[in-house]
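Hydrogens, waters and symmetry mates are skipped; everything else that's a heavy atom, side chains included, is used. Both counts, for ligands and for their atoms, begin at 1 and track the order of listing.
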Amino acid sequence: MTDHEQLHQQLIDRMVIGGSLRTEPWRRAAAAVPRHEFLRGGYFRRVAGPQFHSAWEPVQAGDADWLEGCYADESLVTQIAGTIVPEDIRGPITREPTSSSTLPSLVLRMLEDLQVEDGHKVLEIGTGTGYSTAVLCARLGAGNVTSVEYDERVASRARAALGRLGTYPTLVTGDGLLGHGAGAPYDRVIATCGVRTVPHAWIEQTRPGGLILATVCGWLGSSELARLTVHEDGTASGRLLGGAVSFMLARPHTPPPLGLLPDLDDGKERETAIGTEVLENWSSRFVVQLAVPDAQRLTMQRDGRTEDVLVDVATGSWAAVYSEGGRWLVRQGGPEPLWDTVEEQFGSWCAAGAPTVEEFTVTVAPEGQVIRWRP
Ligand SMILES: C[S@@+](CC[C@H](N)C(=O)[O-])C[C@H]1O[C@@H](n2cnc3c(N)ncnc32)[C@H](O)[C@@H]1O
């Protein structure tokens with residue numbers, strides 16, 4: 001065995017033992033795809049950056065630990081700030097990742113959750129490096145796989161990597177939120193970028209009885225994987241699968257710039273029973289995010305204390321929450337009292353016994369998406 005074959009086998013074994021790789025057809029597909037072929041352009045490793053920031057340092061294909069990193073069960077960032085790839089820079093950079101190779105155990109967990117059968121046609125959104133596309137092709141045949149990537153440079157690297165392995169699925173460069181009508185109907189749609197709401201195009205392009213697997217994310221940074229069944233009436237419904245799955249947001253779903261902040265002194269202050277701990281816990285943050293989906297969070301030092309601020313830039317509504325003398329206080333301004341909405345939604349979730357996300361249902365209709373616990 002060569003070095004990469006040995007590392008590849010160890011990764012497969014770890015995914016089987018860890019339970020993400022559960023069935024023989026997917027084990028064979030994962031074993032057929034060498035991940036390092038999709039990372040020949042290098043990747044970025046997280047390093048300590050300036051205060052409060054992570055920085056990213058390039059690891060190039062020739063570097064000593066490059067190959068080992070390719071077979072670590074970790075997400076590997078391959079593009080930063082929408083344009084920068086590892087070979088573009090030397091030394092660390094402090095900007096946000098915009099493309100990556102998802103950790104293999106999550107790729108395989110999702111492919112298992114997709115419940116494919118032989119001959120199924122699959123639409124993938126978010127080609128990235130092409131690694132997950134290649135695993136899909138190994139399982140279903142490239143003729144049954146369509147993958148859409150938003151970023152031209154990322155798409156062309158994926159095309160080259162897939163081509164090097166002799167794999168030729170339908171690769172589309174464009175906004176995957178629109179699906180790819182030319183290849184419809186699909187049996188399955190899988191998204192490896194997060195969405196705030198499942199786009200209706202995906203439902204229209206999936207046959208009745210088909211499945212959509214996507215991570216529902218939001219601007220407060222909590223997210224969960226949803227599996228929806230498409231119905232004859234053009235709606236789709238299903239459940240959240242749990243596991244705190246997180247993905248970078250689909251580019252058109254990223255939050256707008258904060259712009260000029262509202263005057264955070266010009267608000268009404270009162271005591272609140274709910275402190276900012278609801279924003280720390282993953283599940284309660286998901287509940288809060290459902291209550292105020294257009295709010296973004298920032299943490300500020302003001303008047304010698306830490307304030308957590310929620311701002312809805314579209315309406316100008318805001319709420320600043322902080323602790324003082326052992327009590328939680330909130331100051332709110334703008335047309336919508338954001339923290340009142342948070343208290344109401346969080347209170348009703350607690351009153352229902354704080355159901356786990358696996359008890360939540362998701363329904364998507366042309367009018368929009370609704371997520372509820374215990375219908
Ligand atoms: C986490 S990466 C995908 C990982 C990939 N499946 C792999 O195995 O390497 C997410 C990708 O989604 C892409 N993306 C973001 N928004 C998109 C959109 N609206 N349509 C298609 N792709 C999108 C990003 O450019 C990024 O390459």
Task: T192 side-chain N/O to G126 backbone N/O, donor-acceptor pair under 3.5 Å - done: yes
Ligand 1 atoms nearer than 4.0 angstrom to some heavy atom of G174 are 20 (N), 21 (C)
Under the criterion salt bridge (charged side-chain N to carboxylate O under 4.0 Å, His left out), I'd like the reasoning laid out for R196 against D294: C-alpha separation, chi angles, the key distance, then a yes or no.
CA-CA 10 Å; R196 298 180 73 210; D294 298 328; 2.8 Å; yes
Per-atom filter on ligand 1: closer than 4.0 angstrom to a heavy atom of T102 are 1 (C), 4 (C)
Note: ligand 1 atoms sitting under 4.0 Å from heavy atoms of G176 are 18 (C), 19 (N), 20 (N), 21 (C)
When distances are taken from atom 19 (N) of ligand 1, the protein heavy atom at minimum range is D175 OD1, 2.8 Å
In this structure, atom 6 (N) of ligand 1 is nearest to the protein heavy atom S132 OG, 2.7 Å
- Please indicate whether any nitrogen or oxygen in T192 is less than 3.5 Å from any nitrogen or oxygen in ligand 1. yes
**Prompt:** With distance as the sole criterion, is a donor-acceptor pair present between the side chains of T341 and E336 under 3.5 Å?
**Reply:** no
The atoms of ligand 1 lying under 4.0 Å from a heavy atom of T127, numbered in the order shown, are 5 (C), 6 (N), 7 (C), 9 (O)
Cluster overlap V107 with L7, hydrophobic side-chain contacts below 4.5 Å: yes
of all protein heavy atoms, closest to atom 17 (C) of ligand 1 is Y150 CB, 3.5 Å
Lys NZ or Arg CZ of R139 over W26 ring: under 6.0 Å, within 45° = yes
A student checking ligand 1 against G128 at a 4.0 Å heavy-atom cut-off should list atoms 3 (C), 5 (C), 27 (O)
Logged contact type for P252 with ligand 1, heavy-atom cut-off 4.0 Å, is side chain
protein heavy-atom neighbour closest to atom 4 (C) of ligand 1 works out as S100 O, 3.2 Å
Exactly one of W328, W339, Y322 clears side chain to side chain donor-acceptor pair (under 3.5 Å) with T272, and that residue is W339
among protein heavy atoms, the one nearest atom 16 (N) of ligand 1 is R251 N, 2.9 Å
*asked:* Taking I203 as the starting point, is it possible to reach L211 by hopping between hydrophobic residues whose side chains are less than 4.5 Å apart?
replied: no
When distances are taken from atom 25 (O) of ligand 1, the protein heavy atom at minimum range is E149 OE2, 2.6 Å
Is it the case that ligand 1 has an N or O less than 3.5 angstrom from some N or O of A250?
no
Taking NZ, NE, NH1 and NH2 as the nitrogens, is one of them in R297 or E280 under 4.0 Å from a carboxylate oxygen of the other? yes
of all protein heavy atoms, closest to atom 26 (C) of ligand 1 is S99 OG, 3.5 Å
Any chance you could lay out the salt bridge (charged side-chain N to carboxylate O under 4.0 Å, His left out) test for R35 and D73, step after step, and finish with the verdict?
CA-CA 11 Å; R35 191 186 189 208; D73 189 20; over 6 Å; no
At under 4.0 Å between heavy atoms, what of T133 touches ligand 1? The answer is neither
*asked:* Please say yes or no: joined through hydrophobic side-chain contacts below 4.5 Å, possibly via intermediate residues, are L338 and V330 part of one cluster?
replied: yes
Residue, atom and distance of the protein heavy atom nearest atom 9 (O) of ligand 1 read T129 OG1, 2.6 Å
If we number the atoms of ligand 1 from 1 as shown, the ones under 4.0 Å from a heavy atom of T98 are 24 (C), 25 (O), 26 (C)
- Query: Has Q301 got more than 12 heavy atoms of other residues, nucleotides or ligands less than 6.0 Å from its CD?
  - Reply: yes
